[in-house]
Amino acid sequence: MAAMQDFIYASLPQRVRFGRGTLAGLGDELERIGSRRALLLTTPEQAGLAAAVRDAAGGRIAGHFAGAAMHTPVAVSAAALAELRRLDADALVSAGGGSTTGLGKALALRSGLPQVAVPTTYAGSEMTPILGETAEGRKTTQRDPRLLPGTVIYDVDLTLSLPPGLSAVSGMNAMAHAVEALYAADTNPVIDLMAEESVRALAAGLPAVIADPQDGAARWQALHGAWLAGICLGNVGMALHHKLCHVLGGSFDLPHAETHCVVLPYALACNAPAVPQAMQRLGRALDAADAAQALWQLGSRLGAPRGLAALGLPESALERAADIAAENPYRNPRPLDRPLLLALLRQAHAGDPPRPM
Ligand code: NAD
């Protein structure tokens, strides 16, 4: 029986189109929001998406800004905003991973224009009203209902080109949202169901994606899991794992998805004694007695990087990382202190299977 715990459930207003070949519905979606002159956003690496997007949009794309970059630098947003004004655009179409979605959100905030997000990774940003921006090396994060894309088109076919290495770490990044949702202080029964199903879908889908990146059924399952994980991230508060990754990315410049992938089993091993119900759900979803071990094994099976050392973090940085992580207290099911954070970081640095903390 579920634990008796009061909760608040509020769903976010969004329209999601999910499937294979769904990009073809972009014209209809733009029509629905009354857009005739949308600005397309991509990274330089994904500029090649423009032809397919223009085709699908049926003449409703007014221009293309191919400068989206990791961590949403405000200088990039300013340049894109100038292009948006020059074109007199009436909507934003962001086609790409979390970096591109982030640029769409930054522009929506500055212009008030509606967004259509077309995600091509498993990051989940398209389902959240959250934006992290960087200016002069400092990252600030904000939550605002205006940031949430009103329309999201998940096209499984657009994920077929995501290289196996990126698929692995991006998928584990999604997994982290679902894992932390299961012990969020503000969770609710709907999010619990979504989070458990997300973990199950990602754990089944990702190994099959790595075995054959062109396997449409596996890609479907992984993207389905990532969508659910994104809902979790958008609806409830994250804890230890996300905060640590924020520190490691923000202060030590470690890569986003890779860092999530490395840290997750250790963050879960640390919180495990304080979250028996979440561990039970995770054990069920992962079909394992010890969910933290199972996540470590899954990462290994996917060929993902093991250990912060492998991501280039020197051992000498661990003390400072523990200082920063301990500086600003945040909500976490297990009370945290500097020695515990340092023990966790040392394990994550070495990359061996997680041990009880
Ligand atoms: P990304 O968007 O930076 O993409 C990584 C690289 O992969 C880019 O070069 C991109 O062009 C390429 N790529 C993406 N999809 C591809 C595909 N299908 N085929 C081939 N290449 C492809 O990486 P990401 O992990 O998706 O996003 C990370 C960023 O998103 C970080 O800045 C992170 O902070 C942010 N994020 C924000 C939220 C939020 O809720 N605000 C949530 C998750 C991530």
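For this chain, numbers begin at 1 and follow the sequence in order. All ligand and atom numbering here is 1-based and tracks the order in the structure.
Sorted by chain then number, the residues whose non-hydrogen atoms approach ligand 1 to under 4.0 Å are T43, E45, Q46, M70, H71, G97, G98, S99, K105, T120, T121, A123, S125, T128, I130, K139, L158, S161, L162, L166, L233, H256.
Note: H256 and H260 meet the aromatic proximity criterion, with ring centroids under 6.0 Å apart.
For the side chain to side chain contact (heavy atoms under 4.5 Å, CB included) with R334, the lone residue among L240, N271, V275 that qualifies is N271.
For S170, there are no side-chain hydrogen bond (donor to acceptor under 3.5 Å, both in side chains) partners two or more places apart in sequence or in a different chain.
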Which pairs of donor and acceptor atoms, one on a side chain in residues 56-64, lie under 3.5 Å apart (sequence neighbours left out)?
{"unit_1": "R60", "atom_1": "NH1", "unit_2": "S35", "atom_2": "O", "d": "2.8"}
{"unit_1": "R60", "atom_1": "NH2", "unit_2": "E31", "atom_2": "OE1", "d": "2.5"}
{"unit_1": "H64", "atom_1": "NE2", "unit_2": "T42", "atom_2": "OG1", "d": "2.8"}

Which side-chain N or O atoms in residues 347-357 pair as donor and acceptor under 3.5 Å with protein atoms at least two apart or in another chain?
{"unit_1": "Q347", "atom_1": "OE1", "unit_2": "R355", "atom_2": "N", "d": "2.8"}
{"unit_1": "Q347", "atom_1": "NE2", "unit_2": "R355", "atom_2": "O", "d": "3.2"}
{"unit_1": "H349", "atom_1": "NE2", "unit_2": "L313", "atom_2": "O", "d": "2.7"}

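The aromatic rings of W220 and F18 sit perpendicular, their planes meeting at an angle over 60°, well past the 30° parallel limit.
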